[in-house]
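Structure first, commentary second.
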2 protein chains.
Amino acid sequence: MGSPGDVLTLISAGSATTRSDLARLTGLARSTVSQRVDALIDCGLVEETTGGESTGGRPPRQLRLRTEDHTIAAVDLGATHCRVALTDLGGTTVATAEDQLQIAEGPQAVLTHVKKRVDELLGERTLTAIGIGVPGPVEFAAGRPNNPPIMPGWNDYPVPAFFPDVPVLVDNDVNLMALGEHRHAFPGTRHLLFVKVGTGIGCGIVAEGRLHRGAQGSAGDIGHIRVSGHEEAGCRCGNSACLEAVAGGAALARALGVESGAEVVALVQQGDVQALRAVREAGRLIGEVLAGLVNFFNPEVVVVGGLLSRVHDHLLAGIRETVYRRSLPLATQHLTIVPSRAGVDAAAWGAGILAREHYLSPDNINRLVSACEDV
Amino acid sequence: MGSPGDVLTLISAGSATTRSDLARLTGLARSTVSQRVDALIDCGLVEETTGGESTGGRPPRQLRLRTEDHTIAAVDLGATHCRVALTDLGGTTVATAEDQLQIAEGPQAVLTHVKKRVDELLGERTLTAIGIGVPGPVEFAAGRPNNPPIMPGWNDYPVPAFFPDVPVLVDNDVNLMALGEHRHAFPGTRHLLFVKVGTGIGCGIVAEGRLHRGAQGSAGDIGHIRVSGHEEAGCRCGNSACLEAVAGGAALARALGVESGAEVVALVQQGDVQALRAVREAGRLIGEVLAGLVNFFNPEVVVVGGLLSRVHDHLLAGIRETVYRRSLPLATQHLTIVPSRAGVDAAAWGAGILAREHYLSPDNINRLVSACEDV
DNA sequence: GGACTTTCGCCGATCGTCGAACAAAGTGGC
DNA sequence: GCCACTTTGTTCGACGATCGGCGAAAGTCC
């Protein structure tokens, strides 16, 4: 407690804007706080401005994180798209790009494309860290996809090695969506689930405010949990009655005789009764699985996102109906089930947060400050 | 890092038995380590003995936790029983007692009984902390049962207030079983599930080596998750097709026409084919639910305990069969499913561990050491 | 028995933090 | 507009904790 990193955390979170705030929050002496702040200013991490409001005495100098010198690249790789966003250290987006890109083209081709896009967007800015979301399980510590089903050629590929000069954080896209939603909409919440209903169905888990990735980085893979009464539905995983095979966007599209989940959404928006009924029923099936997970995990909040959440009125109705019927009263008592606020940018938000929190973590800041003092 | 509490943690865990070990592990100077050790000795927490093995020079003095001055009470309250065990700070059991006791008699009667038993067993020993397991959800921080279904009169009762002179840690019994199994059999494991198959069915969750209790302390309540194809089975919770209603000990007993889960176990041990088949089928149903939870949580180890695990050959066969069929290969790749090693003492073990870890936590030790120095 | 190794206490040097004193920069009353 | 008061920020000496070197203790090994 009280290291330069901790001080910066308070400043960047907005919990403290003056030296007095810091002294109060950390319990350190004013002189010590000043020394810490000076070190952070010398490293170019913090900036001082005059013009604070006086509270009856000398007005305090305002402290703020120097967000503009560092740029974070947030990359969201889907099965068929690539979104790149640049943000500053404060989380403000400064540039974005979006392309169609088949992840199945393999890591070399895809990452070359990503690097090119990032460099174009960067211009004169300096890159500080990269966060990348991919549609499959990842061994997080190493940044290697772990047997991803829809990413041929990516298994065990060391993504960070492709960007040798900056820290690279790679994670599953659904995890990142959960992280983004947690930090933006429910920052104080301890336990949260994010359910992504797109072509497939996945779930991101936030426990004690941190991502739970599981032993193999495959936690949250709820698409192949069995649902009652749909033994006829075969799934690409080889089993039958999987949630994804009956309630995923692809399954709905097939049932309604259209091409994609997007067209299902379009049908619902046009008021197609059959599509509407199908989405609501999908919500019920997802709710059945979710009811079990709510009993098991006991979260405070469940966020529903992904393509199909664009018609969340009907999807959520089905989910809520089943969860509140099948989960135990104690677990649902204070449970909130809400649609995602981030929409299509959820994964990119999360990727940016992951990279930003890595760079701004107390340990990393302490390293930077010591390195800077040694010069 | 390096506080007296951290030093004691290394000693009590057995990671360090000499001052040299401590210097190496903490990175502190030898002189500083000696100072820390002296403080711990002055407080009576650590003891020095000669007779260490030389490694070519002066033989080191051995350090060990003084386990004998402090006594931990571990209490396991079930629906109809009360087990009390006293252990020293090292976890060695020094006395036990077991009674029939109806938890439904309410907190006053039950806790009076517990206090009496603890005092009897204690004799001249001094009590340091109490851990108590109860068969229902608990708001852990406050030690209050939270809407427990089979503990009438206990709702919101502040258990710690009944023992005003010592720290009291109260938790759900299944959580404690999970904790006990984790610390004893799988200490290095990050993510573990403990499934208790008794009259009902519950689950304890260890994530990142720590208990996950959920928002209302009801996490792990998997007994009322729906299983396929048993719509006819009504459950006491008001729904139907709950796991507990088809695979719990009570359900099996009813199906086999006997009184209790214990009799079901007896039938299996006698080789009754019908009972054997029923247990195996119960295993399959539990496995179906567990398969989903394995996908969701991605643990490294699943431990199966509780009454019915006494016939774990047949139960585990059913569980393994279904989990390995219905879970994703990535999640089962390195998954171990094993029977509990603790048996009937699992909850008491966990209660003791909870209390011991509380007392030996770095923060608490630091407090004790400062208090002792001030004298 | 002597050279070497490892352990351990002692003690001066060093580093980090604290808090008092002082300077700076405002507010508000008269 | 001046002066008392408040809050902010810096400087500096004091204090405490840690470090690391030195020497003594207690062994091993040749």
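By convention in this document, chain letters (A, B, ...) are assigned in the order of the sequence lines, proteins followed by strands, and residues within each chain are numbered from 1.
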Please assess B/Asp6 against B/Ser3 for the test side chain to side chain donor-acceptor pair (under 3.5 Å), listing each intermediate value before the final yes or no. CA-CA 5 Å; B/Asp6 296 327; B/Ser3 69; 3.2 Å; yes
Output all residues satisfying side chain to side chain donor-acceptor pair (under 3.5 Å) with A/Asn172, sequence neighbours left out; order by chain, then residue number.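 Residues passing side chain to side chain donor-acceptor pair (under 3.5 Å) with A/Asn172: none at all.
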Going by salt bridge (Lys or Arg N to Asp or Glu O under 4.0 Å), name the pairs with one or both residues in residues 352-361 of chain A, residues two or more places apart or in two chains.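 Matches after skipping sequence neighbours: A/Arg183-A/Glu357.
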Any salt bridge (Lys or Arg N to Asp or Glu O under 4.0 Å) pairs touching residues 21-34 of chain B, not counting sequence neighbours?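 For residues 21-34 of chain B: B/Asp21-B/Arg24.
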Contact list (N/O, under 3.5 angstrom) for nucleotides 10-15 of chain D vs protein:
unit_1: D/dT10; atom_1: OP2; unit_2: A/Ser34; atom_2: OG; d: 2.8

Who are the ring-ring contact (aromatic ring centres under 6.0 Å, His included) partners of B/Tyr359, not counting sequence neighbours?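 B/His70.
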Just jot down the side chain to side chain contact (heavy atoms under 4.5 Å, CB included) partners of [X], sequence neighbours excluded, or say none.
X: A/Arg210; value: none
X: B/Glu300; value: A/Ala215, B/Thr189, B/Arg190, B/His191
X: B/Ala342; value: B/Glu181, B/Ser340, B/Ala346, B/Trp349

Heavy-atom contact window of chain A on DNA chain C, given 5' to 3' at under 4.0 Å: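 On DNA chain C, the outermost contacted nucleotides are C/dT17 to C/dT27.
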Okay, side chain of [X], backbone of [Y]: is any donor-acceptor separation there less than 3.5 Å?
X: A/Thr126; Y: A/Asp69; result: yes
X: A/Asp171; Y: A/Leu176; result: no
X: B/Thr92; Y: B/Asp88; result: no

Atom [atom1] of [X] to atom [atom2] of [N]: distance rounded to whole Å?
X: A/Leu22; N: D/dT8; atom1: CG; atom2: C1'; answer: 13 Å
X: A/Leu40; N: D/dG9; atom1: CG; atom2: P; answer: 15 Å
X: A/Leu28; N: D/dT8; atom1: CG; atom2: C1'; answer: 17 Å

Sort me out a list of protein N/O and nucleotides 2-7 of chain D N/O pairs below 3.5 Å, or just none if empty.
unit_1: D/dT7; atom_1: O2; unit_2: A/Arg58; atom_2: N; d: 2.9

For a quick test of your reading: what N or O donor-acceptor pairs under 3.5 Å do the side chains of residues 31-44 of chain B make, sequence neighbours left out?
unit_1: B/Ser34; atom_1: OG; unit_2: B/Arg19; atom_2: NE; d: 3.2
unit_1: B/Arg36; atom_1: NH1; unit_2: B/Gly2; atom_2: O; d: 2.1

Note every stem involving DNA chain C: at least three consecutive Watson-Crick or G-U wobble pairs, i with j then i+1 with j-1, with both distances under 3.5 Å.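 So the stems come out as C:1-30 with D:1-30.
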Could you pull out the closest heavy-atom pair between A/Gly352 and A/Ile72, with the gap in Å?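 Heavy atoms of A/Gly352 and A/Ile72 come nearest at O-CG2, 4.0 Å.
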